Amino acid sequence: MKVPSTLRFWTKMKRISEDYQSRLPDNTALKQQQLPAYRLQLSATGVLSGFFAAGAFCLGMGIILILSAKSIKEIEVKYTKICANCAELREDATNFDKECTCSIPFYLSETMKGNVYMYYKLYGFYQNLYQYILSRSNSQLLGTDLKDVGNCAPFSNSHDGTPIAPCGAIANSIFNDTIILSYNLNSSIPIEVPMLKSKITWWTDKYVKFQNPSSINLSSAFAGTTKPPYWSKPVYELDEEDPGNNGFLNDDFIVWMRTAAFPTFKKLYRRLNRIQYFIEGLPAGNYSFNITYNFPVTRFKGEKSVVLSTLTWSGGSSLFLGLAYTVTGAVTWLAAFSMMAIHLMLKKKKMLFIQD
Amino acid sequence: MTAVKDATDDYFRHKSDNQVNNRLSEVLINSKLQNEKWMNVKVGDIVKLENNQFVAADLLLLSSSEPHSLCYIETAELDGETNLKVRHALSVTSELGADINRLAKFDGIVVCEAPNNKLDKFMGVLSWKDSKHSLNNENIILRGCILRNTSWCFGMVIFAGPDTKLIQNSGKTKLKRTSIDRLLNTLVLWIFGFLVCLGIILAIGNSIWENQVGDQFRTFLFWKEGMKNPVFSGFLTFWSYIIILNTVVPISLYVSMEVIRLGHSYFINWDRRMYYSGKSTPAEARTTTLNEELGQIEYIFSDKTGTLTQNIMTFKKCSINGKIYGEVHDDMGQKTHMTKKNEPVDFSVNPQADRTFQFFDHRLMESIKLGDSKVYEFLRLLALCHTVMSEENSAGQLIYQVQSPDEGALVTAARNFGFIFKSRTPETITVEELGTLVTYQLLAFLDFNNIRKRMSVIVRNPEGQIKLYCKGADTILFEKLHPSNEDLLNLTTDHLSEFAGEGLRTLAIAYRDLDDKYFKEWHKMLEDANALMDERDERIAGLYEEIERDLMLLGATAVEDKLQEGVIETITNLSLAHIKIWVLTGDKQETAINIGYACNMLTDDMKDVFIISGNTAVEVREELRKAKENLFGQNRSSSNGHVVFEKQQLELDSVVEETITGDYALIINGHSLAHALESDVKNDLIELACMCKTVVCCRVTPLQKAQVVELVKNYRHAVTLAIGDGANDVSMIKSAHIGVGISGQEGLQAVLASDYSFAQFRYLQRLLLVHGRWSYFRMCKFLRYFFYKNFAFTLVHFWFGFFCGFSAQTVYDQWFIALFNIVYTSLPVLAMGIFDQDVSDQSSMDYPQLYEPGQLNLLFNKHKFFICMAHGIYTSLVLFFIPYGAFYNVAGEDGQLIADYQSFAVTMATSLVIVVSVQIALDTSYWTVINHVFIWGSIATYFSVLFTMHSNGIFGIFPSQFPFVGNARHSLTQKCIWLVILLTTVASVMPVVVFRFLKVDLFPTLSDQIRQRQKSQKKARPLRSQRPQTRRSSSRRSGYAFAHQEGYGELITSGRNMRAKNPPPASGLEKTPYNSTSWIENLCKKTTDTVSSFSQDKTVKL
């Protein structure tokens, strides 16, 4: 190919001039480390005003949080010791088919206004153990492949090799007490407080993470699998009253499957259905918990309790956050004042020094 | 990663090494001259060298273009001396001439010593044509020399490649690592130990937990039987935790460090202010692993020739008959400083003038025009009394061949002022005096030697008058003056002091009129003395003394050994930065001292200058002891009777040391150094040397340079830098922590061995004070932040262990752990590590004291490491326990569970990313666009990655890999989670701000002060109390400018170095016996026409 001579000439010239230039570094801000920049410096006014502002915010927030935590009505009933006979019964695994109920009366001195939530609370139950958290199969719970028992060992297959559904230690150890709250309106006839079991799970859990296998009915969908060893009923018969609340989509099951961060935790069990007497919330009066005691905790020195609680704007927060904010705010202000004192003192000294 | 980078570094080094290896030289192969690469030159090859060529190997000189097969070499590369040396071939081989065929048939056998590093000794025997000839150093041309004033020569290769004396001297290449690297290795070990401790604690915890709780819990959970044993479980837990917690020292630390260093190296390469346009050479960081060490230098070892000086002598000033010429005066007759406006004297009327010569004082030209006879005599002396040879080049221009650049400068000055030295024969000197040719008869040549420190010629002018012209060291010469010179002497002395004060090399100039009769008597006596066998030298010396008296002083000359640009400022600034500069040179003591004064390294304010020049170990020890006594004695008296014990004093840091000792200087000679470096005196030497402000080692061999560097390295544990330009500096460059080569020179050896190279000494200031300081500052900041970050990141697992039955459950999502160091937090800290500046480059240069933290290693050390660790631990505590407290008994806004493990993990991770980002934002003191992009970008990246990984879509595809579906959406819409994140951020950052604020307020560092000052926009008042002084109070020093060797007088008077004149009796040369005296002396003995010939206790110098 013939290159026009002028073009060649120019490319050559360009190369020469580049060669000549190439040794001199470019005069760019980046290469000469002259990028325009803001020099950050802790100036006294900036730091002190920041501290005062942060302190004020923290104190304010702390007080608000404490007040709102105080406004929460909460009642907790520990029933491990109260139902000692049941607890004793459950220590022996062979008694699993023997039913044990336990009724715990209590008096609510104040009305719990607004939405009331019922929780079960476990003490000393380590849902955060490494191997425990691992022991589940998300793809099985998604309903696509029931035979995928992935990490579920040792609860992946039954003795005859049938896959367990739902598999894994988490599912196997599901909290299986039944708690019914009754309201003694006139000290004779207890009324069962209407409770909702819907909307106690995360939306994503219910609609994304957990799916039932698609089939005409659930029992056939779960054919070829077996129930976890600790379960008395197969997964498709968890809720006899509401057929839609069965299989992997059972709300109690989903709640349990969301493992708690710490060994002491409470999980949402029921919501108050605000009808009839309970439109305002739970009125003061005599109540009782009727508990079907199934879940053994004494073996690992744990405890169980049932909690009734209302909420505030920030959810069911405890006092801790409010206190922590207040303390932080106070410390921030203290620091700000002492810094200001030191700074002013030094300034004065410097001035004196200059005057001298 | 590091390996890849080192490999590329090596590759580029290799490439430039090739450049040297592939240099061509002409080798005689198959009776033909062929170009051959250096690396292929073998022992026994016959090589042809041409003028100004580098010598490729150690050669035995066979023949050359010059008479008697002399050849001139410049050894600046080897020892830094600038004067030319003479080598000569054996007469038997010199007959070979340029006859290729005969040379090709040359079949002599050389038996010689094994390869060694002694530059000034060679012993061997040449067997050829049935006779044996002894060889010594005078017959050998060493690799690294440059052939000068000789159009060609032939030599036979004796040592090639690694056997050459130059390479034998260059020491071994060692892998260099910075002190931070070494510290890091220790720290990593410590951290590993810490990790093991944590692992053990957690493992024990696990065993106990398994025993107390887990046992029952596990049966309930139906675990495998094998897992029941608590001890075994603890053992497994230990390893699990080691794996989980090893993120404390992530691999990304090392990778990031290399990236930062690479960035800093590029900044050095890109710096326009270290680009020398004269040679179009930019600075170059040849290694990319040592940058932060540039910020910690305590000792600089500098070569003299080519590094501090330009190796150019210029005639600067003179004092003629009590009048100074050369100063620039303005119209008012006041002295002014050199400015650009000054017009140099126009020499265009003189067709023979040297164009490069510049003189700024027009009054000298005027004096010549006026016909001042003293000025004439002065210039005539300069044109007559020297050892220069003249030559005309093809263009008909006069070329001077000089063996010492000082003389060249003087003769050239005379030439430009109209006294042109034209030519010489053994008996005559022809000078063109203001247009008329005058031939002087050279009657006697009283040569220079180290004791006489002067040289004289006795000439008869055409009028028949006999005159003795003498030039020499002022101290010596002034004793020889006629008493009538008293007034002029005083005046000239003042002038000399002034010259000396400016660091000029001075010579006093005098003449004497001799009457015929007296001279004849004297000459007769000289001839008699020459014929004597015993005490000949003493007699001759006495006769010289006898005639060189009653001299009439003419004046003095001042020659400038031109320093490189900006050397004085650089040295002053570096000293202000508490960097000690030692000059190590192969050159003469006087020259070295002179340069010391010229560079302000030696001043008259100094209390004492110790000169160690003993020849034996005992002498040296005694001298050292005396010097030390002197030093401590004066200290004791000056510190009011406080007896400072030497050992204590050694332990004191350099600052205190300086205040204690005041200013002292140590000058030590190469041969004394050899003794002083022996193990028992070593300590004394280092102790003394380190207390002196300035140390000058002269006449040192390349290997000694390295030894001195090693000495300081090993005994002071200081960070050293060696800078040099020649092959003789290679060993020192290699052994110092950092080697800097001056690039753009002919020889590449020093640059090739160096870690950094640039074209001018003055760039050292910017390299250290700006780039080095910044590098160190940034690297330390980076490390502090990095350790903090990883402790904060990792230790939450430890705290969580206490709440999860020590089951090695991680706090965060696996994905977060994988991405945290690489994606979420790497770029902001990298940007800080690369771009951060505490003060601007200008301030770094203006306040050299800012350099000090690096030397004292203040910014990152074990102490700082523990602070970072504590900071990290504190942050991890806040990060863990605030969410822990908040999550206790909490419920979501719709009553649902939010205290689940996954929400906790997300809360912690988000808090961590935010806290760590706020921290880097606080640490970054120089917010460029890049910092903004990286910091905000990292946070944005975190959230986008978080939401992506928790999205429905990705869960649908990989349900088991992304189990956190919906978590971010659910948790991060809860107010209380954000309140937790906010609180952790405030609680973990606030104390840091308090500490920093108080530290700046209570104990501000210099850089804090400068920043504050710049912030408040006040005019920066320089903190330095003293600006670098260019003028010192001048005092008399015996500066004399004879940088040349004796022996040239004989060459001239014997005519040996003159072409085709007086062919010498060849017989005298044939059986040159090998002995310790020089060949010149032997030559002179045999020749009858020598007027003056004397021998000295002269050692053969290279």
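Note on naming: letters A, B, ... go to the chains in the order of the sequence lines (proteins, then strands), and numbering restarts at 1 for each one. Atoms considered below: every heavy atom in the structure, side chains included; atoms not considered: hydrogens, waters and symmetry mates. Not measured: the values here are computed from a predicted model.
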Could you grab the distance from atom [atom1] of [X] to atom [atom2] of [Y], nearest 0.5 Å is fine?
X: B/L897; Y: A/K267; atom1: CG; atom2: NZ; answer: 6.0 Å
X: A/T204; Y: B/H950; atom1: OG1; atom2: NE2; answer: 10.5 Å
X: B/Y884; Y: A/F320; atom1: OH; atom2: CZ; answer: 10.0 Å
X: B/E893; Y: A/T312; atom1: CD; atom2: OG1; answer: 8.5 Å
X: B/S960; Y: A/D148; atom1: OG; atom2: CG; answer: 7.0 Å
X: B/R1011; Y: A/S43; atom1: CZ; atom2: OG; answer: 11.5 Å

Open item on the list: Could you check whether atom OH of A/Y130 has more than 12 heavy atoms from other residues, nucleotides or ligands sitting under 6.0 Å from it?
Closed with: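 12 or below, so no.
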Open item on the list: Quick check on B/F995: does its CZ atom have over 12 non-hydrogen neighbours (other residues, nucleotides or ligands) under 6.0 Å away?
Closed with: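 Counting other residues, nucleotides and ligands, CZ of B/F995 stays at 12 neighbours or fewer.
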With no hydrogens and no angle check, is any side-chain donor or acceptor of [X] less than 3.5 Å from a backbone partner on [Y]?
X: A/Y325; Y: B/L979; answer: yes
X: B/Q809; Y: A/Q131; answer: no
X: B/K975; Y: A/G315; answer: no
X: B/Y926; Y: A/L35; answer: yes
X: A/N128; Y: B/Y901; answer: no

TODO: Give the intermediate values and the outcome of side chain to side chain contact (heavy atoms under 4.5 Å, CB included) for residues A/K209 and B/F955.
DONE: CA-CA 8 Å; A/K209 209 170 175 181; B/F955 176 77; 3.7 Å; yes
TODO: Heavy-atom distances under 4.5 Å only: say whether B/F904 touches chain A with side chain, backbone, both or neither.
DONE: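 B/F904 touches chain A through side-chain heavy atoms alone.
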Open item on the list: Quick check on B/F881 against chain A: is it the side chain, the backbone, both or neither that has a heavy atom closer than 4.5 Å?
Closed with: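 B/F881 touches chain A through backbone heavy atoms alone.
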Task: Which atom of A/P25 lies closest to which atom of B/Y275, heavy atoms considered - done: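 That closest heavy-atom pairing would be CD-CD1, 3.6 Å.
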Task: Least distance between heavy atoms, A/A37 atom then B/T928 atom - done: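 In this case the closest contact between A/A37 and B/T928 is CB-CG2, 3.7 Å.
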Open item on the list: Within the 3.5 Å criterion, strictly below it, is a donor on A/Q32 or B/R272 matched to an acceptor on the partner's side chain?
Closed with: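 No, no side-chain donor-acceptor pair sits under 3.5 Å.
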Task: Aromatic ring pairing B/H970/A/W202, orientation class (parallel under 30°, perpendicular over 60°, tilted between) - done: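 The rings of B/H970 and A/W202 lie parallel, inter-plane angle below 30°.
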Open item on the list: If I measure from the heavy atoms of chain B, does A/I133 come under 4.5 Å with its side chain, its backbone, both, or neither?
Closed with: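 It is the side chain, since no backbone atom gets that close.
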Open item on the list: Can you confirm if the aromatic rings of B/H932 and A/Y38 lie within a centre distance of less than 6.0 Å?
Closed with: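 A/Y38 vs B/H932: aromatic centres not under 6.0 Å.
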- [ ] Check whether the ring centres of B/Y888 and A/F265 lie less than 6.0 Å apart, and answer yes or no.
- [x]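 Between A/F265 and B/Y888, which both carry aromatic rings, the centre distance is not below 6.0 Å.
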TODO: Return the option, out of A/R258, A/K266, A/E74, with the maximum number of heavy-atom pairs under 4.5 Å with chain B.
DONE: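 Among the listed options, the one with the most contacts to chain B is A/R258.
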Task: Counterpart residues, salt bridge (Lys or Arg N to Asp or Glu O under 4.0 Å), relative to B/D923 (two or more places apart) - done: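 If we apply the salt bridge (Lys or Arg N to Asp or Glu O under 4.0 Å) test to B/D923, skipping adjacent residues, the hits are B/R996.
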Open item on the list: I need the contact set between residues 46-57 of chain A and chain B: heavy-atom distance under 4.5 Å, sorted by residue number.
Closed with: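 Interface residues of residues 46-57 of chain A: A/V47, A/F51, A/F57.
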Task: Steps toward side chain to side chain contact (heavy atoms under 4.5 Å, CB included) verdict (A/K199, B/D894) - done: CA-CA 9 Å; A/K199 285 194 179 171; B/D894 45 6; over 6 Å; no
